[in-house]
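The sequence lines fix the lettering, A, B, ..., with proteins before strands; numbering per chain opens at 1.
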2 protein chains.
Amino acid sequence: MSTFCKFETALEILVGKWKPVILLRLFSNGTMRFSELQKAIPEITKKMLTQQLRELEYHDIVHREIYRQIPPKVEYSITEYGKGMATILQALNDWGVAHIEHLNELYGPNHSVEPHRSDAMDK
Amino acid sequence: MSTFCKFETALEILVGKWKPVILLRLFSNGTMRFSELQKAIPEITKKMLTQQLRELEYHDIVHREIYRQIPPKVEYSITEYGKGMATILQALNDWGVAHIEHLNELYGPNHSVEPHRSDAMDK
DNA sequence: GCCTTAGGTTTCTTTTTGTATACTACGTTT
DNA sequence: AAACGTAGTATACAAAAAGAAACCTAAGGC
């Protein structure tokens with residue numbers, strides 16, 4: 001019924017306040033344990049980190065390796081399948097960078113970067 | 001400090017429950033007025049439609065043409081700049097379609113399509 | 001027999017999103 | 001003169017997502 005209709009699916013995987021930054025970390029650092037991710041993203045809570053990682057794991061983007069030790073050790077990494085997202089993530093990133101530039105041209109360099117909510121209703 | 005760090009920006013433009021379907025409509029139908037969009041997307045409320053369109057307008061993806069008539073007439077269309085998103089939207093779409101297939105292989109064809117929230121915590 | 005550690009889970013509160021419904025402006029039609 | 005139609009806005013409310021903080025587990029060290 002339509003090509004070009006399921007990109008919502010792709011978005012679902014990326015949405016969630018923390019997924020982009022988690023993916024960024026894992027793509028650039030390789031394998032990381034839970035506590036390393038926490039240190040790398042200090043503002044995130046354990047709850048959010050766990051939740052977002054579980055969602056990424058469900059989608060086979062992230063692998064979770066549990067070492068049965070005390071104290072526990074759990075390592076996260078991008079799966080082989082997940083590495084296939086690199087291209088599209090890079091494309092999104094490039095577009096985003098260019099878009100910030102575009103917004104600067106439109107509104108000047110001192111606009112708030114994301115005022116798309118709650119103002120700018122014309123008079 | 002990092003390439004590959006601003007794709008959040010791209011996502012910000014796409015997130016919002018209704019943006020994908022609004023963009024889909026405008027890309028495939030060309031110019032549409034407010035009421036046509038409402039008819040095309042019956043579940044959306046006026047408030048949400050207005051809000052999402054305003055955000056897309058702010059980002060220069062959508063153009064808003066106001067005809068000063070009574071009753072009012074307002075037409076929406078994708079800007080020239082916005083047309084530059086088609087490639088990346090198509091890429092996201094293609095990846096999304098392939099990803100649904102991938103999930104089918106992993107979990108069988110009868111899994112709920114987006115259970116990434118609120119279950120599947122391992123026992 | 002209490003403390004520490006790592007990787008969580010639980011519960012509660014706040015914030016953000018989305019829905020539902022009503023109301024407006026103003027010329028045209030009935 | 002009341003009703004209609006368009007493109008909204010305003011207000012109230014419900015639901016979903018995020019945040020904060022406390023609690024849990026089990027082994028080893030003191």
Side-chain angles (χ1 to χ4, degrees), chain A residues 8 11-22 25-26 31-58 62-77 112 114-123, chain B residues 8 11-22 25-26 31-58 62-77 112 114-123:
Chain A
E8 298 169 273
L11 290 176
E12 276 163 20
I13 290 135
L14 277 341
V15 299
K17 191 168 176 184
W18 301 101
K19 290 216 189 72
V21 59
I22 291 170
R25 288 285 138 205
L26 288 176
T31 298
M32 292 178 84
R33 43 195 302 197
F34 190 85
S35 49
E36 290 181 296
L37 280 164
Q38 270 193 105
K39 268 165 222 153
I41 315 166
E43 325 81 38
I44 200 173
T45 62
K46 286 154 167 273
K47 178 191 161 190
M48 278 296 107
L49 183 53
T50 305
Q51 190 184 101
Q52 305 284 292
L53 284 167
R54 288 296 198 290
E55 291 175 27
L56 291 168
E57 189 191 1
Y58 173 85
V62 159
H63 172 70
R64 178 161 173 253
E65 183 74 31
I66 306 134
Y67 297 81
R68 303 215 157 276
Q69 314 173 341
I70 298 289
K73 175 176 170 185
V74 178
E75 285 183 342
Y76 294 90
S77 53
S112 57
E114 41 185 318
H116 41 243
R117 302 230 182 252
S118 78
D119 62 327
M121 303 286 159
D122 64 27
K123 67 161 184 236
Chain B
E8 298 170 272
L11 290 175
E12 277 164 19
I13 291 135
L14 278 340
V15 299
K17 190 168 176 182
W18 302 102
K19 290 216 189 74
V21 59
I22 291 171
R25 288 285 139 204
L26 288 176
T31 298
M32 293 178 84
R33 44 195 299 197
F34 190 85
S35 50
E36 290 180 299
L37 281 165
Q38 271 193 105
K39 268 165 221 151
I41 315 167
E43 326 80 36
I44 200 172
T45 62
K46 287 153 167 275
K47 179 189 163 193
M48 277 296 106
L49 184 53
T50 306
Q51 190 184 100
Q52 306 283 293
L53 284 168
R54 288 296 198 290
E55 291 175 28
L56 291 169
E57 190 192 1
Y58 174 85
V62 159
H63 172 69
R64 179 161 172 253
E65 182 74 33
I66 305 134
Y67 297 80
R68 303 217 157 274
Q69 315 174 341
I70 299 288
K73 176 175 169 184
V74 179
E75 285 183 342
Y76 293 91
S77 54
S112 58
E114 40 184 319
H116 41 244
R117 300 229 183 253
S118 76
D119 61 328
M121 301 285 160
D122 64 28
K123 67 161 188 234

Participant: Does any non-hydrogen side-chain atom of I44(A) lie less than 4.5 Å from one of I22(A)?
Facilitator: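 A side-chain contact under 4.5 Å exists here.
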Participant: Could you state the atom-to-atom distance from CD1 of I66(B) to P of dT9(D) in whole Å?
Facilitator: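 Distance, rounded to whole Å: 11 Å.
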Participant: Indicate yes or no: at least one non-hydrogen side-chain atom of T50(A) is less than 4.5 angstrom from one of R54(A).
Facilitator: yes
Participant: So, does the side chain of K47(B) form a donor-acceptor pair with the base of dT19(C) at under 3.5 Å?
Facilitator: yes
Participant: What is the distance, to the nearest angstrom, from the CD atom on Q52(B) to the P atom on dG8(D)?
Facilitator: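 It is 14 Å, rounded to the nearest whole Å.
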Participant: According to side-chain contact (heavy atoms from CB on, under 4.5 Å), who are the partners of K47(A), at least two apart in sequence or on a separate chain?
Facilitator: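 Here the qualifying residues are T45(A), Q51(A).
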Participant: Expressed in angstrom and rounded to an integer, what is the separation of E65(B) atom CD from dA7(D) atom C1'?
Facilitator: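 The distance from CD of E65(B) to C1' of dA7(D) comes to 15 Å, rounded to the nearest Å.
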Participant: With the criterion being N/O to N/O and under 3.5 Å, what pairs connect the protein with nucleotides 1-7 of chain C, and how long is each?
Facilitator:
{"from": "dA6(C)", "atom 1": "O3'", "to": "R33(A)", "atom 2": "NH2", "distance (Å)": "3.0"}
{"from": "dA6(C)", "atom 1": "O3'", "to": "P72(A)", "atom 2": "O", "distance (Å)": "2.7"}
{"from": "dG7(C)", "atom 1": "OP1", "to": "R33(A)", "atom 2": "NE", "distance (Å)": "3.2"}
{"from": "dG7(C)", "atom 1": "OP1", "to": "R33(A)", "atom 2": "NH2", "distance (Å)": "3.2"}
{"from": "dG7(C)", "atom 1": "OP1", "to": "V74(A)", "atom 2": "N", "distance (Å)": "3.0"}
{"from": "dG7(C)", "atom 1": "OP2", "to": "S35(A)", "atom 2": "N", "distance (Å)": "3.0"}
{"from": "dG7(C)", "atom 1": "OP2", "to": "S35(A)", "atom 2": "OG", "distance (Å)": "2.9"}
{"from": "dG7(C)", "atom 1": "N7", "to": "K46(A)", "atom 2": "NZ", "distance (Å)": "2.8"}

Participant: Between Y76(B) and E36(B), is there a side-chain heavy-atom distance shorter than 4.5 Å?
Facilitator: no
Participant: Please state how far atom CG in L49(A) lies from atom C1' in dA20(D), giving the value in whole angstrom units.
Facilitator: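 In whole Å, dA20(D) C1' lies 15 Å from L49(A) CG.
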Participant: Between atom CE of M48(B) and atom CD1 of I41(B), what is the distance when rounded to the nearest 0.5 Å?
Facilitator: 13.0 Å
Participant: To the nearest angstrom, how far is M48(B) atom CE from dA14(D) atom P?
Facilitator: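 It works out to 17 Å between those atoms.
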Participant: Please give, in whole Å, the distance from dA7(D) P to L53(B) CG?
Facilitator: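 Whole-Å distance recorded here is 11 Å.
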Participant: Check the distance between dA27(D)'s C1' and Q69(A)'s CD and give it to me in whole angstrom.
Facilitator: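 Value for this atom pair: 11 Å.
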Participant: Is the closest side-chain heavy-atom distance between L26(B) and L56(B) below 4.5 Å?
Facilitator: no
Participant: Using atom CG of L37(B) as one end and atom P of dA7(D) as the other, report the distance to the nearest whole Å.
Facilitator: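 My rounded result for the distance is 10 Å.
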